[in-house]
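I have a structure here, written as C-alpha cells, and I will follow up with some questions on it.
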Number of protein chains: 2
Amino acid sequence: MLEKYVKLLKENSIKVTPQRLETLKYLDENRTHPTVDEIYSELKEKNPSLSKTTIYNSLETLKEHGIIQSLTISGTELRYDFENKIHHHFLCKKCGNIIDIDIECPNINKILNSGHEVEEVHGYFKGKCKKCMKKGS
Amino acid sequence: MLEKYVKLLKENSIKVTPQRLETLKYLDENRTHPTVDEIYSELKEKNPSLSKTTIYNSLETLKEHGIIQSLTISGTELRYDFENKIHHHFLCKKCGNIIDIDIECPNINKILNSGHEVEEVHGYFKGKCKKCMKKGS
DNA sequence: TATTATATTGTAATTATTACAAATTAGAAA
DNA sequence: TTTCTAATTTGTAATAATTACAATATAATA
Ligand SMILES: [Mn+2]
Ligand SMILES: [Mn+2]
Ligand SMILES: [Zn+2]
Ligand SMILES: [Zn+2]
C-alpha cells in the first residue's frame with residue numbers, strides 16, 4: 001500500500017520514515033490542497049505522538065526534491081499539492097475550495113528569454129466558483 | 001502633490017484621511033511590492049503616532065475598491081501593488097526582488113467558459129533573476 | 001548488531017494578521 | 001462656521017502560521 005511512496009522517497013535518496021510516508025499518502029489521497037494544520041490534525045489521529053514540526057520538515061523536504069509543490073494562493077498559509085506538474089488553480093472566495101485548472105502557462109518562454117531562470121510557475125485565479133454561482137447568493 | 005490621491009479616493013467615495021493619502025503615495029512611489037511592515041515603518045517616521053492597524057485597514061479598503069492589489073507571491077506575508085491592472089510577477093529567490101512581468105494571462109477565457117466568475121488573476125514565477133544570474137554563485 | 005548521521009519531538013520564540021474598545025476626526029447637516 | 005455623527009484611527013491584546021532549537025529516537029550503513 002505504501003510501496004508507491006517508499007519508491008518515491010528512495011528514488012530521491014530521502015530516508016524512508018513513517019511520518020514522510022503518511023504525509024505523502026495523505027497528500028496523494030486528498031487533492032484538496034490542504035494546509036499544514038489539516039494534514040497534521042488528520043495524521044495525529046492515527047499517530048498521537050506526531051509533531052507538527054515534523055509535518056513542516058517533511059513537507060519542506062518533499063518540496064525541495066520536487067516531489068510535491070506548495071501554493072501561496074490563500075496568502076495567510078501555505079497549501080500543499082501532491083501533483084508536481086505545472087497547473088493553475090482557482091480559489092473560490094465563497095466556499096474556499098481550491099480547484100485545479102489544467103492549463104500550462106504559455107508565457108514561460110517569454111520570461112526565460114528575458115534572462116531569468118524559472119523554477120516555479122504559479123497561476124492563480126480567484127472569484128466565485130461554478131457551484132457557488134449556481135447556488136446564487 | 002497629494003491631489004492625485006485625493007481624487008482617487010473621492011472617485012471611489014472613500015473618506016480622505018492623511019493616513020490613506022500617505023499610504024497611496026508610498027505605494028505609488030515605491031513599486032517594489034512592499035510588505036505591510038515596510039509601508040508602516042517608513043510612514044511612521046513622518047508620523048510617529050501612526051498605528052499599524054491603520055495600515056492594514058487602509059490597504060484593505062483600497063484593495064476592496066480595486067485601487068490597489070495584493071500579492072500572495074511570497075507566502076508568508078501579503079505584498080501590495082499600486083498598479084491595479086493584471087500583470088505577472090517574478091520573485092527572485094536569491095535577492096528577494098519582485099519584478100513586474102508585463103503580460104496578460106491568455107487563459108482567462110478558458111476559466112470563464114468553465115462557469116467560474118473571475119475577480120483576480122495572479123501569475124507568479126519564482127527562480128533566479130537576470131541580475132543574480134550574471135553575478136553567478 | 002553497532003554506529004552515526006539524520007529525523008522526530010516538544011517547546012519556545014518569532015512574525016503576520018485579526019479583534020476590539022476607546023479616542024479622534026472627516027464630512028454632512030444645520 | 002459650528003455641530004453632529006458615523007467612520008476612522010489608535011493601542012493593545014489575541015490568534016495563527018512559521019521557525020528555531022536542543023534533547024531523544026531511529027533509518028540506513030558498515
Ligand atoms: Mn493542484
Ligand atoms: Mn506589480
Ligand atoms: Zn465555491
Ligand atoms: Zn535576484
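Every chain is numbered from 1 and lettered A, B, ... according to where its sequence line falls, protein lines coming before strand lines. Heavy-atom basis, side chains included; hydrogens, waters and symmetry copies ignored.
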Item to check | Residues forming a side-chain contact (heavy atoms from CB on, under 4.5 Å) with A:T17, sequence neighbours excluded | outcome: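 With sequence neighbours excluded, A:T17 shows a side-chain contact (heavy atoms from CB on, under 4.5 Å) to A:Q19, A:R20, given in chain and number order.
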Checklist entry - Rounding to a whole Å, what distance do you find between B:L21:CG and C:dT25:P? => result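 For the pair B:L21 CG and C:dT25 P, the rounded distance is 15 Å.
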Next on the checklist: What does the B/S/- profile of nucleotides 7-17 of chain C look like, 5' to 3', with a 4.0 Å heavy-atom cutoff to protein?
Outcome noted: SBBBB----SB
Checklist entry - Which residue pairs pass the ring-ring contact (aromatic ring centres under 6.0 Å, His included) test when at least one of the two sits in residues 23-55 of chain A, sequence neighbours left out? => result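 Matches after skipping sequence neighbours: A:H33-A:H89.
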Checklist entry - Between B:V121 and B:E104, is a side chain to side chain contact (heavy atoms under 4.5 Å, CB included) present by the stated rule, with each step listed? => result CA-CA 9 Å; B:V121 179; B:E104 276 266 342; over 6 Å; no
Next on the checklist: Is the distance from the ring center of B:F90 to that of B:H88 below 6.0 Å?
Outcome noted: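 Distance test on ring centres: not under 6.0 Å, no.
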Checklist entry - To the nearest angstrom, how far is B:E60 atom CD from D:dT8 atom P? => result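 My rounded result for the distance is 12 Å.
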Next on the checklist: Set out, in order, the CA-CA distance, both residues' side-chain angles and the distance that settles side chain to side chain contact (heavy atoms under 4.5 Å, CB included) for A:K126 and B:E119, then state yes or no.
Outcome noted: CA-CA 6 Å; A:K126 304 184 189 184; B:E119 290 169 24; 5.6 Å; no
Checklist entry - For A:E64 and C:dT6, what is the distance between atoms CD and P respectively, to the nearest whole Å? => result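 To the nearest whole Å, that distance equals 14 Å.
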